Amino acid sequence: MKKRFVATTLSVIIGFGTLGVTPTTIHPIKASAATINVQNNQQAVEAKADQLIQTGKSLIGKATYSNTVYKPTYPYKFSCASFLMYIFEKNGVDLGTYNEDYMMQQGSYVARNQLQKGDLLFFRSKTTGTDPDHVAMYIGDNKVIHMADSKQNIVISDLNSKPYYTDNYVTARRVLPTLLPANPATKGENVVTKAYSLIGKAKMGSVNNASSLSFTPTGFVDYVYKANGVNLGTTNLKDLMNKGTTVSRANLKKGDLIFFNSVIGSKTPSMMAIYAGDYRIILPNSSGILSRVLFVDYYNQHYITAKRVL
């Protein structure tokens with residue numbers, strides 16, 4: 001279920017998966033998934049999953065259900081999806097969205113009889129539409145942890161305990177190791193890591209001052225690339241769109257630059273983002289440095305082009 005959340009602070013807003021607009025139709029944009037490297041082995045995946053589970057369990061009894069308010073401080077308020085977004089984010093994994101339907105398009109499909117800890121399970125009880133209205137995380141032993149509803153809040157449930165879990169099951173997605181950083185890191189990975197590290201720290205304005213981490217949106221992009229030894233040579237948005245080589249949406253890689261317009265069909269860019277892998281983008285704008293997913297209708301409709309400068 002797509003939701004419109006009321007954020008309690010600016011730091012809350014930067015984690016959301018839309019621009020405050022609730023899209024009505026999904027138009028997926030094909031793009032390459034995050035790099036899966038052999039160093040992201042099963043042991044690393046299990047260790048990360050255990051961290052996620054521990055964080056989720058630590059919130060039992062401390063959070064209440066809300067599909068309109070997201071509050072990541074005690075007393076916590078989460079929907080089923082924002083609960084998972086929060087525990088992943090706390091452990092360094094960016095889902096980039098609080099919408100179940102966008103989560104369901106990340107990672108890779110996994111059969112129900114092959115579930116492992118950290119997988120996301122999706123359910124749909126409504127009779128109209130195709131998008132899910134509930135998501136939970138598998139924790140092993142046929143159990144999931146989830147923000148169930150306003151009566152139960154965060155609970156651990158056995159998948160055989162109620163007909164709901166069998167009758168309304170839609171699919172499962174494996175986002176580990178897909179959303180984990182590549183190892184060893186590529187230059188694109190380092191650009192993305194640097195950009196992520198500035199979320200909640202860099203300030204957006206009309207001037208660029210690296211010492212105070214104050215930037216224009218294009219100045220932020222220039223700063224991130226310079227920190228990784230790449231001099232873009234300009235902070236002019238139109239000039240940046242002429243840099244590098246053009247890349248199709250189906251072949252995006254971490255570190256690519258994506259350009260959007262404000263008027264559908266226009267070739268004049270109004271904003272840009274850094275592609276972060278697996279449909280996620282890091283977008284600098286007047287609200288700060290935002291994490292988003294390309295599934296949102298706005299980005300599909302206003303997409304102009306992508307450039308590879310690495």
Side-chain angles (χ1 to χ4, degrees), residues 1-26 52-53 55-91 93-107 119-139 144-157 159 161-165 167-173 175 279-280 287 290-293 295-298:
M1 182 183 298
K2 303 181 185 71
K3 307 172 189 69
R4 192 185 298 269
F5 280 96
V6 175
T8 55
T9 65
L10 178 60
S11 63
V12 174
I13 298 173
I14 63 175
F16 285 179
T18 68
L19 286 174
V21 178
T22 305
T24 57
T25 306
I26 303 172
L52 297 172
I53 293 167
T55 300
K57 288 181 175 178
S58 73
L59 293 168
I60 293 176
K62 300 176 182 178
T64 55
Y65 176 85
S66 175
N67 65 358
T68 57
V69 176
Y70 172 66
K71 187 171 181 293
T73 56
Y74 183 82
Y76 304 90
K77 288 184 180 294
F78 302 120
S79 69
C80 61
S82 66
F83 165 61
L84 294 182
M85 180 188 74
Y86 174 82
I87 65 174
F88 272 79
E89 185 179 88
K90 290 293 285 185
N91 288 282
V93 182
D94 176 41
L95 292 176
T97 179
Y98 61 89
N99 281 331
E100 298 95 319
D101 46 357
Y102 299 152
M103 287 182 182
M104 195 172 71
Q105 298 176 71
Q106 297 190 62
D119 289 345
L120 301 181
L121 278 64
F122 298 87
F123 304 87
R124 181 176 62 245
S125 57
K126 60 188 178 182
T127 57
T128 59
T130 59
D131 54 312
D133 51 21
H134 191 64
V135 60
M137 185 177 71
Y138 190 70
I139 63 172
V144 293
I145 188 169
H146 57 138
M147 174 61 84
D149 52 40
S150 58
K151 294 181 179 179
Q152 300 179 83
N153 296 315
I154 299 172
V155 293
I156 293 174
S157 304
L159 291 173
S161 62
K162 294 179 180 179
Y164 174 90
Y165 301 113
D167 296 347
N168 300 303
Y169 178 83
V170 177
T171 191
R173 303 292 292 187
V175 294
Y279 307 102
R280 296 163 299 155
S287 297
L290 316 176
S291 171
R292 299 288 187 258
V293 289
F295 300 123
V296 177
D297 283 348
Y298 182 90

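Values in this document were obtained by computation on a predicted structure and should not be read as measured data. Any value given below was found using the heavy atoms of this structure, including those in side chains, with hydrogens, waters and symmetry copies removed.
Counting all heavy atoms, side chain and backbone alike, Ile145 lies closest to Gly56 at CD1-C, 3.4 Å. The two atoms that bring Tyr65 and Ser79 nearest to each other are CE1-CA, 4.1 Å, heavy atoms only. Annotation for Ser287 and Leu290: closest pair CB-CD2, 4.3 Å, computed over non-hydrogen atoms. Shortest non-hydrogen contact noted between Ala148 and Val155 is CB-CG2, 3.8 Å. When all heavy atoms of Ala81 and Met103 are compared, the closest pair comes out as O-CE, 3.2 Å. Of all heavy-atom pairs between Asp94 and Ser291, the closest is OD2-OG, 2.6 Å.
A distance-only check finds no donor-acceptor pair linking the side chain of Arg173 to the backbone of Leu120 [under 3.5 Å]. At distances below 3.5 Å, at least one donor-acceptor pair connects side-chain atoms of Asp133 with backbone N or O atoms of Lys126. Side chain of Asp149 to backbone of Lys151: a donor-acceptor contact under 3.5 angstrom is found. The backbone N or O of Thr130 lies less than 3.5 Å from a partner atom in the side chain of Arg124, making a donor-acceptor pair.
Aromatic ring centroids of Tyr70 and Tyr98 lie 6.0 Å or more apart.
Taken from CD1 in Ile139 to CG in Leu52, the straight-line distance is 11.5 Å, to the nearest 0.5 Å. Rounding to the nearest 0.5 Å places CZ of Phe122 at 11.5 Å from CG of Asp131. Atoms CD and CD1, on Gln152 and Ile60 in that order, are 11.5 Å from each other to the nearest 0.5 Å. Within the model, atoms OH of Tyr165 and NE2 of His146 stand 3.5 Å from one another, a figure rounded to the nearest 0.5 Å. Distance check: Leu95 CG to Ser82 OG gives 11.0 Å after rounding to the nearest 0.5 Å. Summarising the geometry, atom CG belonging to Leu59 is positioned 7.5 Å from atom CD1 belonging to Ile87; distances are rounded to the nearest 0.5 Å.
The aromatic rings of Tyr76 and Tyr74 sit perpendicular to each other, their planes meeting at more than 60°, with 30° as the lower class boundary. Ring geometry for His134 against Phe123 counts as tilted: the plane angle lies between 30° and 60°, on a 0 to 90° scale.
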Subject >> From CA spacing to verdict: side chain to side chain contact (heavy atoms under 4.5 Å, CB included), Phe295, Thr97 >> reply: CA-CA 10 Å; Phe295 300 123; Thr97 179; over 6 Å; no

Original post:
Hey, mind stepping through Lys57 and Ile156 against side chain to side chain contact (heavy atoms under 4.5 Å, CB included) and telling me if it holds?
Top reply: CA-CA 8 Å; Lys57 288 181 175 178; Ile156 293 174; 3.8 Å; yes

Subject >> Stepwise side chain to side chain contact (heavy atoms under 4.5 Å, CB included) test for Val293 and Gln106 >> reply: CA-CA 9 Å; Val293 289; Gln106 297 190 62; 4.0 Å; yes

Original post:
Hey, mind stepping through Leu159 and Leu121 against side chain to side chain contact (heavy atoms under 4.5 Å, CB included) and telling me if it holds?
Top reply: CA-CA 10 Å; Leu159 291 173; Leu121 278 64; 3.8 Å; yes

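Side-chain contact between Met137 and Ile53 is present, with heavy atoms from C-beta onward closer than 4.5 Å.
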